[in-house]
Amino acid sequence: MNTKIKYLLIGVITFVIIFLMNYIGNDAPDKLSRALMTASAAVIGLGIGMWIYSRRDQNDERNHFD
């Protein structure tokens, strides 16, 4: 499976889980907008973290011993 498809699938699953956790557990009148913003911020943060992690693995020259 392609790595971009894996990252996209992880992002979608994360969005759904965090959205449902915030939407179901909130009694405020603006619970939809709060849940959407929180889930979107979580997916953006996760995407940045995965991008940094993948860049770190590509440029890791410390573990190539001869």
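What you see is a predicted model, and the numbers here were worked out from it, not measured in a lab. Values below: all heavy atoms of this structure, side chains included; hydrogens, waters and symmetry mates excluded.
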Just distance, no hydrogens or angles: give the donor-acceptor pairs under 3.5 Å from side chains in residues 34-51, sequence neighbours left out.
residue : atom : partner : partner atom : Å
R34     : NE   : D30     : OD1          : 3.2
R34     : NE   : D30     : OD2          : 3.4
T38     : OG1  : R34     : O            : 2.8
S40     : OG   : L36     : O            : 2.7

Quick one: ring-ring contact (aromatic ring centres under 6.0 Å, His included) pairs with a partner in residues 25-49, sequence neighbours left out? none
Under 3.5 Å, side-chain donor or acceptor atoms of residues 14-24 against the rest of the protein: list the pairs with distances, not counting sequence neighbours.
residue : atom : partner : partner atom : Å
T14     : OG1  : I10     : O            : 2.7
N22     : ND2  : I18     : O            : 3.0

